Amino acid sequence: MARSVIDPITRIEGHMRVEMEVENGTVKQAWVSGGSFRGMEKVVEHRKPEDAAQIVQRICGVCPVSHNHASTIAAEKAYGIKIPNRARIIRNLIEGAQFLHSHILWLYNLAALDYVNPIDAVTGGADVKLAYDIAQGGEVPQLGAALPAQLSTNSDLYEVQKRLEKFAANGQLSIFSGNWFDAKDADGGSAYHLTPELNLILTSHYLEALKYQARSSEIAGLLGGKMPHVMTIIPGGTAFVPTAQKLDDLWAMVNEVYDWVESTLIPDTLALAVAYPEGLTWGGGCGRFGAWGVFERGSLEYNDRYMPAGVLATKGSLEVSDIDESLITEYVGSSWYEGDGTYTAPDFTTDPKFTEYDVNDRYTWCKAPAYDGKALECTSLSRVLVAYARGQQPEYAAKNAWMVEQVDNFLTLIDPVAASVGKTSLEAAVSMLGRTAIRQLETLYIAQLMKDWTQELITAVKGGSLDDIAAMEGMSAADFASTNMTDYFEKPLTDTGSGSGFWEAPRGALYHSEKVTGGKIDGYQIIIPTTWNLAPVNQNGEHGPIEQALMDGCPVFDGTEGDLEMPINALRLVHSYDPCVSCAVHVTDVKTGKKFSTVTNPWGVK
């Protein structure tokens, strides 16, 4: 049995290693390792909750707002605060801007190069006129049919091709370097399936995405003071007070990002699905999903959030249950911490003790979180499925109607591929490509919500009543947690208490919990999305979500021995969970002793 190791898988956040045993062209065993100790819980002990909300943002430069928000919610629970409505809307806008930044960055600037080969637009001889015809609904000659949706052409494709020709001519591939464009499928053909024309179009969108992910961050900076690490989300509300000029800038930027997202992301995702349908047949993983909910409605209730909270605890079932904090545990016996116990939320432990890397014992800094004793996937797929499940419940149906309609459309589109492999469309959605594709439904939804919240904020600043805002959110004013429509901040009601902040980062479910005595923290715990998804083997011998997904038929092939040097499908699968990736790879075949290694950083320096 061959063993394949990708180490590290990293680009923006953290250090990650994937080790796999490959037999007959598929992954049979997998171990995922987080390579750095965070220890942020220790840093914020004995500090004020207000300080902690700023400090914990430094866990991540991509999703700092989410950590700020979760910590702030935990503090507000401890302090007994119900935030004013203007603060709630502003915080939704800051969080939404960060989500748009992260989603756009992830799809185009991180994951896309697993499917799109920019240099092929030159070496493959892309016909620019044909590319325009395809984008406008013309036939793709290799398919004998048009794509499911027209592709946007905001850029001059002739100029994009000229830029790519310069890259190819001088051999300096810059941002396109260090990728596995030579990877092969089982039949010996290229693992990259797009035509040169589609590679050209999607590369133009890759370049456009650099602008629009930055524009999204500008929105967060406008409302947050700066980005990353915003300063205006604070326990009690917000320190941002809008002016007419700020609102005008906000309106313009939100609409600019929406127009690009609406015209580009879903059509591109459908084009990838046409080119890589086999990605719907493997990589499902543990099949259990958790979402803590994100973006507050006026009720401030978890299940009532724009992306609601819930747990799908049974594989293959849409029966959704409410969050039960007492069912969250962490096992440390496979991780580099003291002991081998299992701890129940919020009373976890963070006592590091590195030994050695040993997949048969301890092999990661990530603990093994579990919900009701089992692994739980916490991704954007989880959020969408929970929203879809909530939409089947009468009390939440109207508020989740848009997402239910979009998911139903998605399931209809993939049904032929699902049927061809004996799966339902819902089973096929829980796959490598399904996880990658369905996130774009959320991106479009958030882009629309940003427009709605901007209008809400303008209405509130103009003196709109609680009834006005309630009508805009499809609610009754009687269901609002706070009737305060004029302020931006509420003072604490106490200086002693405890609280948990259940929230979401773009990658998935986020949990911050704190105990406060006399205004100072005397206990703090965090479970980030990556901890859930990178969980190691637990006390019952069950692998974590990414490990199970790799073991769920992930193809690693090159003839009959497996593509040890370029396990592109394993990389695609890991990217579908969005841990952020560039690679240094070391691979060994235990039978032949064949080895391969390369180290590449994001700038292409070897």
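The first residue in the sequence is number 1, and the count goes up from there. Worth knowing before you read on, the calculation uses all heavy atoms, side chains too, and leaves out hydrogens, waters and symmetry mates. These numbers come from a predicted model, not from an experiment.
Of all heavy-atom pairs between Gly373 and Asn540, the closest is O-ND2, 3.7 Å. Of all heavy-atom pairs spanning Ala505 and Pro529, the tightest one is CB-CG, 4.0 Å. Pairing each heavy atom of Ser190 with each of Asp185, the nearest pair is O-OD2, 3.2 Å. Considering all non-hydrogen atoms of both residues, Ala418 and Ala428 come closest at CB-CB, 3.6 Å. Closest approach of Tyr577 and Gly285 over heavy atoms only: OH-CA, 4.5 Å. Taking each heavy atom of Cys286 and Ala375 in turn, the nearest pair found is SG-O, 4.0 Å.
Interatomic distance, CD of Glu405 versus CG of Asn400, reported as 13.0 Å (0.5 Å rounding). Remark: Leu312 CG to Tyr388 OH distance equals 12.0 Å, nearest 0.5 Å. Atom-to-atom distance recorded for Tyr343:OH and Lys367:NZ is 9.0 Å, nearest 0.5 angstrom. If you take CZ on Arg383 and CD1 on Ile438, they are separated by 11.5 Å, rounding to the nearest 0.5 Å. Note that OG1 of Thr195 is 8.0 Å distant from CG of Asp120, once rounded to the nearest 0.5 Å. Taken from CG in Leu265 to CZ in Arg439, the straight-line distance is 10.5 Å, to the nearest 0.5 Å.
Between Tyr511 and Phe502, a ring centre-to-centre spacing shorter than 6.0 Å is recorded. Between Trp336 and Trp365, the ring centre distance stays below 6.0 Å.
A heavy-atom distance below 4.5 Å is found between the side chains of Gln548 and Glu542. Under the 4.5 Å side-chain criterion, counting only non-hydrogen atoms from C-beta, Leu202 is in contact with Leu272. Counting heavy atoms from C-beta outward, Val359 and Pro536 have side chains that stay 4.5 Å or more apart. Residues Leu107 and Asp268 have side chains not in contact (no heavy-atom distance under 4.5 Å, counting atoms from C-beta outward). The shortest distance between side-chain heavy atoms of Ile446 and Glu442 falls below 4.5 Å. Side chains of Val384 and Gln406 form no contact here, defined as non-hydrogen atoms less than 4.5 Å apart. Between Met566 and Phe181, the closest side-chain pair of non-hydrogen atoms is not below 4.5 Å. Looking at Trp532 and Ile328, their side chains come closer than 4.5 Å, going by heavy atoms from C-beta outward.
Not a single salt bridge (Lys or Arg N to Asp or Glu O under 4.0 Å) links Glu427 to another residue, sequence neighbours left out.
Heavy atoms from other residues, nucleotides or ligands lying under 6.0 Å from CD of Glu319 number 12 at most.
A salt bridge links Glu377 to Arg435: at least one charged side-chain nitrogen sits closer than 4.0 Å to a carboxylate oxygen. Checked for salt-bridge contact, Arg288 and Asp372 miss the test: no charged N lies under 4.0 Å from a carboxylate O.
Only one option out of Asn538, Thr342, Thr344, Ile527 pairs with Glu330 in a side-chain contact (heavy atoms from CB on, under 4.5 Å); it is Ile527. Here the options are Leu573, Asn569, Ile568, the test is side-chain contact (heavy atoms from CB on, under 4.5 Å), and the partner is Asp114; only Ile568 passes.
No side-chain N or O of Tyr371 forms a donor-acceptor pair with one of Asp324 less than 3.5 Å apart. No hydrogens or angles considered: nothing links the side chains of Glu23 and Gln29 as a donor-acceptor pair under 3.5 Å.
No side-chain donor-acceptor contact under 3.5 Å links His543 to the backbone of Val537. Side-chain atoms of Thr379 come within 3.5 Å of backbone atoms of Leu381 as a donor-acceptor pair (strictly under, hydrogens ignored). For Ser102 (side chain) and Gln98 (main-chain N/O), no donor-acceptor pair under 3.5 Å exists by modelled atom type.
Geometrically, Arg572 engages Tyr192 in a cation-pi contact defined by less than 6.0 Å to the ring centre and at most 45° from the axis.
Using a 30° and 60° split on the angle between ring planes, His193 and Tyr276 fall in the parallel class, below 30°.
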